[in-house]
Each structure stands twice: as C-alpha cells, then as structure tokens.
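Following: one structure in structure tokens, then a few remarks.
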Amino acid sequence: DIRLTQSPSFLSASVGDRVTITCRASQGIYNNLAWYQQMPGKAPTLLIYAASTLQTGVPSRFSGSGSGTEFTLTITSLQPDDFATYYCQHLNSYLLFGGGTKVEI
Amino acid sequence: QPHLQESGPGLVKPSETLSLVCTVSGGSTSDSSYYWGWIRQSPGRGLEWIGSISYSGTTYMNPSLRSRVTISEHTSKNQISLRLKSVTAADTAVYYCARHPGLYGGAYVDHWGQGALVTVSS
C-alpha cells in the first residue's frame, strides 16, 4: 500500500515568508497528487491537482511541483489567510490523504 | 457551483448504524462527469476516505471499511446516502460529503460539504 508522509507536521512562519511543505510517497505516483487547505472548523478546499495545476480561483502565490515520490507545495509571501493546515492527497482509484502540515504564526 | 449539505443524527449508540444523507443543490448526482463520496476526519485518524459512488451506481470503498459501509444514490431526490453499521467510538468523526471529477487523476475533491459531526456514545 502507498503511504504519504508530509513534512514538517508543524511550521511556524510570519506574514511575508516563503513556505515550502513536502509530501513524500512510498512508491512512485507520477503526478497524481493534490493539495488542500483547511481552516479550523471548515472543510478542506482544493488548491492544486495533478501536482502543479492551480485550481480556479486559488491565488498565484500557491504553487505545486514534483513527480514520482517527492512533491512540494510552496506559498510565496505568506498572507494572514494562509495560516491553516495543508494536506496532500494521492489521486488513485481510492483517495488517500497525508497527515497534514499546520502552518502557525 | 454545487452545494453539498450533510444531514443526520449527531449521536449514535455503539453497535448501531450511522446514517447520513448528502443533499446536492446546483448540480446533479446523475451527472456522468462526477463521483460522489464520503470522507471523514477525526483527530486520531486524520482525513479518511470512506467510499464513492459513480453516476451509474458503481461503488468504490475503502477496503478497511468495506464490510460495514453502504453508499447509495437517490437520483430522484438528488441525494447520496451513507450507512455505517456496527459503529464504535473509533467512528466518531466529522463526516464530509464530497464531489470528485473521477478516479485516478480525477480523484481530487473539488467540492466539499460543510461536514457533520457524528459522535458514537451510549
């Protein structure tokens, strides 16, 4: 079974910082990866799919890269609304999520 | 833009069956372009996919839950339902209804319901 490992689990940052979150797959998954943002008490929202395709309406400060086993989500110039938890997801015949990365002030 | 709304009891007794309904507005559960699924989230288990159903009624289940889960589509009501039997405290979670354009590369969730907290307790 494929496993997704996100790092770090927690990240402290400041407004304006560049932030990078990593998601590693235990086996190669091509570009079949998505990223989500979840605010406290809310459902996740889709940021990126196919590893690097920005969902409509998502600010361009979010970007995704990678293929195979290592993927990154980058937020350039962190904004106050970006303090949240971020999840990666393997796209397959089943939906598998990573453990999450909480971005804190 | 579709709106997904979960509904059902917020408290279920151990060993009983959890039942939730997702009502879709602004979209159709019979739309062949999409799959409709259930995902749950708890502090101990994170985000866990339960299963999904296609417009044709084909279901895809998380192997770890398959023996206890039934997902159905009710086209006339534009609803998706979830039944999880023989629940325990480990099934306490927020349950989300979700839409995804497909499987494999299309298995990203582009719309989520707001979530329904279900607590399993006597």
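On a predicted model such as this, the values are computed, not experimentally measured, just so you know. Here is how names work: the chains are called A, B, and so on, in the same order as the sequence lines, proteins then strands, and each is numbered from 1.
The contact between A:Tyr36 and chain B is made entirely by side chain atoms (from C-beta outward), counting heavy-atom distances below 4.5 Å. For B:Asp110, the parts lying near chain A are the backbone and the side chain together; criterion is any non-hydrogen pair under 4.5 Å. Both the backbone and the side chain of A:Ala43 come within less than 4.5 Å of a heavy atom in chain B. Residue contact with chain A, scored on non-hydrogen atoms closer than 4.5 Å, is absent for B:His111. With a 4.5 Å cut-off on non-hydrogen atoms, B:Tyr96 touches chain A through its side chain but not through its backbone. Contact of A:Asn32 with chain B is made through the side chain alone, with heavy-atom distances under 4.5 Å. The parts of A:Tyr94 that come within reach of chain B are both its backbone and its side chain, each placing non-hydrogen atoms under 4.5 angstrom from that chain. At a 4.5 Å heavy-atom cutoff, B:Ile50 makes no contact with chain A through either its backbone or its side chain.
The most heavy-atom pairs under 4.5 Å with chain B, out of A:Gly99, A:Ala34, A:Ser93, come from A:Ser93.
Taking the six-membered ring wherever Trp is involved, the centroid distance between the rings of A:Trp35 and A:Phe71 does not fall below 6.0 Å. If you look at B:Tyr55 and B:Tyr35, their ring centroids are not closer than 6.0 Å.
Here the side chains of B:Trp36 and B:Ser52 are not in contact, with every heavy-atom distance at 4.5 Å or above. Taking the side chain as every heavy atom from C-beta outward, A:Ile21 and A:Thr72 never approach each other to under 4.5 Å.
Here the OG1-CZ distance, from A:Thr69 to A:Arg24, works out to 8.0 Å after rounding to the nearest 0.5 Å.
Using a 4.0 Å cut-off between charged side-chain N and carboxylate O, B:Lys13 and B:Glu16 make no salt bridge.
Of all the heavy atoms in B:Asn78 and B:Thr29, the pair that sits closest is OD1-N, 2.9 Å.
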